[in-house]
Enquirer: 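Supplied in structure tokens, the structure appears directly below.
Worth knowing before you read on, the calculation uses all heavy atoms, side chains too, and leaves out hydrogens, waters and symmetry mates. Whatever order the structure lists them in is the order used to number ligands and atoms, beginning at 1.
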Amino acid sequence: DETSPDSAARDDAGSAGTSRRRVRQSVMGWCFKDTPPVELAKHCQRIGLEAIEGIGSADYDAVTKMGVKISLVSSHGFAKGPLDPENHAMVEAKLRDGIDLAVRYGAPNVITFTGMAKAGISDAAARKNCLAAWKRVIPYAEQKGIGIVLEHLNSKDDSHPMKGHPGYWGDDLHLCADLVQAVGSPRFQLLFDIYHVQIMNGDLIRNVNRYHEIVGHYHTAGNPGRGELDDSQEIQYPAVIRAIMNTGYDGYIAQEFIPTSADPIASLEQAFTVCDV
Ligand SMILES: O=C(O)C(=O)CO
């Protein structure tokens with residue numbers, strides 16, 4: 001309800017920076033790598049995106065001082081994950097460091113991944129290893145009031161290093177949801193990347209409705225190709241975003257497409273408008 005006292009209060013609360021809108025949008029910095037983070041943050045303010053993510057922590061001060069928020073803190077990356085005990089010390093240290101950064105900059109979540117499947121580690125062992133590492137970090141996340149979100153990725157698109165991740169173990173939405181449920185903490189949730197889910201599981205709105213209670217963050221991109229959210233790609237974003245909002249979701253939806261146009265910022269603005277339902 002756009003006219004509720006709550007939404008009016010939210011609009012007022014944004015006067016120091018980007019005003020808070022019904023759909024709280026963010027942008028992934030790596031997709032706009034030719035635009036320095038501070039410049040990207042200025043575009044966020046002008047367009048109406050509340051937050052930014054996927055930038056180096058060295059830029060967090062400058063960006064947050066402008067009033068643009070950090071929606072998600074990076075950690076260990078998707079290749080080396082907790083499914084392999086050899087990575088546990090690194091993964092747990094990076095998640096703890098990410099939690100500290102999230103506290104310092106007021107970010108709600110830190111990202112995690114399963115890692116790439118590895119010869120000699122069965123599915124059962126991968127599951128057990130992931131859960132062991134995450135369960136050791138979760139008490140710290142709970143104590144600090146920060147969420148950890150597990151990203152599901154597609155393993156099908158092998159055309160480009162960032163359009164798909166062949167070999168990624170957590171490539172099934174239902175498997176990742178099971179992992180989240182097995183960790184069993186409100187501070188451990190799913191990162192529902194609409195693009196990756198469309199490729200691996202599809203049925204987007206049904207899956208949003210099925211899993212919304214355990215989703216802590218959403219990502220976007222056009223499919224196929226991870227490009228703009230324009231009408232040459234197959235996902236009907238306004239309907240999907242409306243379905244997400246109808247679940248009562250109050251977190252961030254981050255634009256994570258790889259711009260193909262000559263004007264990436266115009267592409268960001270177009271994606272923002274499509275999702276600003
Ligand atoms: O491909 C993605 O969505 C990733 O976030 C990998 O970092």
Enquirer: Please name all residues satisfying salt bridge (Lys or Arg N to Asp or Glu O under 4.0 Å) with D100, sequence neighbours left out, ordered by chain then number.
Expert: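 Here no residue qualifies.
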Enquirer: R187: which residues meet the salt bridge (Lys or Arg N to Asp or Glu O under 4.0 Å) condition with it, sequence neighbours left out?
Expert: none
Enquirer: Using a strict threshold of under 4.0 Å (side-chain N to carboxylate O), is an ion pair present between D193 and R226?
Expert: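 Yes, this pair counts.
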Enquirer: Could you identify which residues cluster with Y252, counting Ile, Leu, Val, Met, Phe, Trp and Tyr as linked when any side-chain heavy atoms lie under 4.5 Å apart, either directly or through a chain of such contacts?
Expert: none
Enquirer: Got a salt bridge between E269 and R46, using NZ or NE/NH1/NH2 to carboxylate O under 4.0 Å?
Expert: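 Answer for the salt bridge query: yes.
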Enquirer: Is the closest basic N to carboxylate O distance between D97 and K94 below 4.0 Å?
Expert: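 Between K94 and D97 there is no salt bridge, as every charged N stays at least 4.0 Å from the carboxylate O atoms.
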Enquirer: Using a 4.0 Å cut-off on heavy atoms, what residues surround ligand 1? Order them by chain and number.
Expert: F78, F113, E151, L153, M162, H165, D193, H196, R226, E256
